[in-house]
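As structure tokens, the structure follows; a few thoughts come after it.
Note that the coordinates shown come from a computational prediction; the quantities given were computed from them, not determined experimentally.
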Amino acid sequence: MTEEGADESVIRRDRFSGGPARSFLSSLAADERIFEADLAVDRAHVVMLAEQGIVDADTAGEILTALDAIEVDGHSSLPAGEDVHEAIETAVIEQVGADGGKMHTARSRNDEVATCIRYRLREDVLRALEATLALRASLLEVAEAHAETIMPGYTHLQPAQPTTVAHWACSYESAVRRDTERLLEAYGRINRSPLGGAAFAGTPFSIDRERTAQLLGFEGVVENSMDAASSRDFLLETTGALSTLATTLSGLAEDLVIFANRGFVALSDDYSSTSSIMPQKVNPDTLELVRAVAGDAAAGVQGLSTTLKGLPRAYNRDLQRATPHAWETVDAVSEATRVTAGAVATATWDEEALAAEAGAGFSTATGVADALAAGGLPFRTAHELVASAAENGADYAALEAAAEDVLGEPLEAHVDPAAVKSALDPAESVASRDSQGGPAPSAVADQLESATAALAADEESVEALEASLEGARETLREEVNGYA
Ligand code: ARG
């Protein structure tokens with residue numbers, strides 16, 4: 001490109017500088033989030049252009065040196081621009097001269113921004129994944145400490161059947177484990193490079209897309225160039241996975257708010273707030289905020305899906321406003337997950353209060369019906385008998401009276417009284433329910449074993465992904481140093 005050509009391009013940018021709509025058009029402020037990503041994408045692209053002989057090594061060296069200086073100065077020092085891509089290119093040209101404009105050979109801001117978003121989102125999803133791992137570890141610690149701590153279990157928020165704190169904690173660990181899986185799967189689809197798709201229609205230059213993908217640590221490319229520049233389903237999928245996680249968290253938070261209200265659990269001071277007027281208050285504010293983050297995340301999904309719906313191929317500026325929904329969601333949900341992990345890890349369970357309430361509301365009734373059914377009564381008949389007892393005292397005497405009433409026979413004719421008395425005891429009731437996945441300490445021990453193994457495997461997966469990104473960063477730095 002001649003100097004004259006460079007001047008023309010500057011004039012063109014002046015002509016389309018936005019006028020009164022300048023700030024409406026600009027994503028420069030929001031793009032701070034992808035400043036580092038854009039520098040990495042620029043570096044990988046320039047290294048590849050030099051390797052392919054599209055840009056000579058000296059020019060590549062000058063551009064790469066300028067990019068290092070721009071990084072040191074930081075996003076806030078960038079010249080004006082419609083977005084970070086334009087501003088960095090302007091800064092490169094300011095330092096290198098017109099040859100700096102060779103950086104944008106064989107690419108467009110369309111493939112560039114898509115690559116930057118994926119590059120940055122990988123980091124953010126890794127932080128979210130780490131938070132899910134921390135929460136799972138906290139829940140498993142609670143489960144290990146409270147295998148025998150009986151507590152009331154609820155349906156419809158009414159006392160239902162006694163269970164244990166460990167069983168409760170494992171139930172949430174199982175759910176968060178699936179949230180980890182969903183994020184890992186989303187990561188696999190984020191982790192592909194659109195770079196080289198150009199505006200959407202490819203390029204006549206002999207670029208090496210696999211090479212830039214490798215330099216940026218991606219597992220291969222998004223092959224079709226139109227798909228590469230256009231698609232944001234990875235944002236919707238990731239935000240959806242985060243929203244599902246936030247929904248899991250909101251239920252966990254709500255349980256803890258209720259348990260705190262009933263005196264079953266006390267949050268540590270670090271996760272509580274007090275009142276500015278009522279001196280005695282210790283409120284579970286952190287968990288209420290966690291509960292609310294499900295609303296933020298659902299809004300993120302809604303914002304994204306509404307923005308993306310009906311967008312034609314290949315690039316439309318709407319996409320600029322899609323991206324922040326994903327940033328806001330990943331930030332809010334990751335923070336909520338970390339806070340929940342801390343609140344769970346530091347809460348204190350009141351074993352006495354839990355035991356005192358474990359049998360409340362005749363929560364052992366199902367176990368008594370089970371004992372009668374095990375003695376040979378049809379379960380439906382046993383259910384009738386126990387329901388009748390529930391309305392007339394809910395104790396052994398009431399069961400004897402109900403047997404005479406419903407069966408016209410003494411209770412002992414159908415079941416060993418010792419079995420009934422055992423079923424009426426909340427702890428024995430829990431211990432009897434040792435079916436796979438159940439609350440009996442023996443069954444929870446099996447769940448803990450598989451949960452611990454799954455957590456270790458997921459920790460390894462996340463570490464491997466982090467190591468792979470770190471390796472790519474080092475490789476790129478070495479390649480850049482060969483020129484700069
Ligand atoms: N800033 C834009 C975005 O975030 C990328 C620029 C592409 N602009 C364009 N007019 N093709 O999507």
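Residue Tyr172 places its OH atom among more than 12 non-hydrogen atoms of other residues, nucleotides or ligands, all under 6.0 Å distant. The environment of CD in Glu352 is sparse: at most 12 heavy-atom neighbours from other residues, nucleotides or ligands sit within 6.0 Å. Taking a 6.0 Å sphere around CD of Glu335, one finds it holds 12 or fewer heavy atoms contributed by other residues, nucleotides or ligands.
Side-chain atoms of Arg477 and Glu474, non-hydrogen and from C-beta on, never get closer than 4.5 Å to each other.
Electrostatic pairing of Arg127 and Glu130 counts as a salt bridge here, judged by a charged N lying under 4.0 Å from a carboxylate O. Between Glu470 and Arg473, at least one side-chain nitrogen of the basic residue sits less than 4.0 Å from a carboxylate oxygen of the acidic one, meeting the salt-bridge criterion.
Contact detail for Tyr271 and Gly342: the closest heavy-atom pair is OH-CA, 3.2 Å.
Cation-pi contact between Arg118 and Phe234: present, with separation from the ring centre below 6.0 Å and deviation from the ring axis of at most 45°.
Under 3.5 Å, the side chains of Arg433 and Ser429 contain a donor-acceptor pair of N or O atoms. Between the side chains of Thr248 and Asp179, at least one donor-acceptor pair of N or O atoms lies under 3.5 Å.
Paired with Asp227 under the rule side-chain hydrogen bond (donor to acceptor under 3.5 Å, both in side chains), one option of Ser230, Ser231, Ser225 passes, and it is Ser231.
A ring-centre distance under 6.0 Å is not found for Phe264 and Trp168.
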